[in-house]
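Since the structure comes first, as structure tokens, the remarks are kept for the end.
Just so it is clear, the values below take in all heavy atoms, side chains as well, and ignore hydrogens, waters and symmetry mates.
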Amino acid sequence: MKWFGVALGAGFVGAVLAAVMGTTAAQAAPSESFSRPITFAERLLIAHNRERDRVGVPRLEWSANLAGEAQAWADDLARSDRFEHARDRGDAGENLWMGSAERYSAEQMIAGFVQEVRHFRHGQFPHVSTTGRWADVGHYTQLVWRDTQEVGCAVARGRTNDVLVCRYWPAGNVIGQRVF
């Protein structure tokens, strides 16, 4: 049985989309060199792979298909002022983030998922949290799930909030399996 979704964390605020788009790769990822400004999507991917590199799991590839699906869901959530996982995402995992518009960078949004590492413990899912609640680490475990190969993310602006949706394939958080 799979846990396709992860916790609905909303503890972090927004995105500075206009400012983020003009940032150079050297600012976003000092270890990687680009001669052009990198896109918001590239910054999201770099942030994911930085943590995956740290724990020694294979890097993710960007999926335009997953990003398109994520954009459609992010737009729907922003329009309706809801914050919930999509029910029709097939075999993809999903991380959601929402916060006040124009506050945080792409890296800070992903850091919201990564900071859950403070409660992570190695083990078989769902027994992976020092708190006893897998939802306290569910964003993080999806982000570093060893078998996940692709990610696609998108942001949409609502009335007062930005919504980030990241889709992962194949989904992580599978009951009885180790995270990495």
Hphob cluster co-occupancy, Trp169 + Trp62, side-chain heavy atoms under 4.5 angstrom: no

Arg87: side-chain hydrogen bond (donor to acceptor under 3.5 Å, both in side chains) partners, not counting sequence neighbours: none

Spatial distance of atom CZ (Arg178) from atom NE2 (His122) [nearest 0.5 Å]: 7.5 Å

Reported OG1-to-CH2 distance for the pair Thr141 and Trp134, which is rounded to 0.5 angstrom: 7.0 Å

Pairwise distance CZ(Arg52) to CG(Leu143) - rounded to 0.5 angstrom: 7.0 Å

Expected output: side-chain Glu94 to main-chain Cys166 donor-acceptor under 3.5 Å: no

Flag side-chain contact, heavy atom, 4.5 Å: Val151 against Arg59: no

Salt-bridge criterion met for Asp162 and Arg103 (N-O under 4.0 Å): no

Straight-line distance of Cys153 SG to Arg43 CZ, nearest 0.5 Å: 13.5 Å

Partner residues of Ser129 under the side chain to side chain contact (heavy atoms under 4.5 Å, CB included) criterion, sequence neighbours left out: His119, Thr131, Asp136, Val137

Of Trp145, Tyr168, Phe113, Phe120, the residue whose pairing with His139 passes ring pair (Phe, Tyr, Trp, His ring centres under 6.0 Å): Phe113

Heavy-atom closest contact (Ala92 atom, Ala171 atom, distance): C-CB, 3.8 Å

Salt-bridge contact Glu150-Arg167 (side-chain N to carboxylate O under 4.0 Å): no

Interatomic distance, Met98 atom CE to Arg82 atom CZ [nearest 0.5 angstrom]: 9.5 Å

Closest non-hydrogen atom pair, Gly172 against Thr148: N-OG1, 3.9 Å

Pairing of Arg89 and Glu69 as salt bridge, 4.0 angstrom limit: no

Path from Leu44 to Leu66 over hydrophobic side-chain contacts below 4.5 Å: no

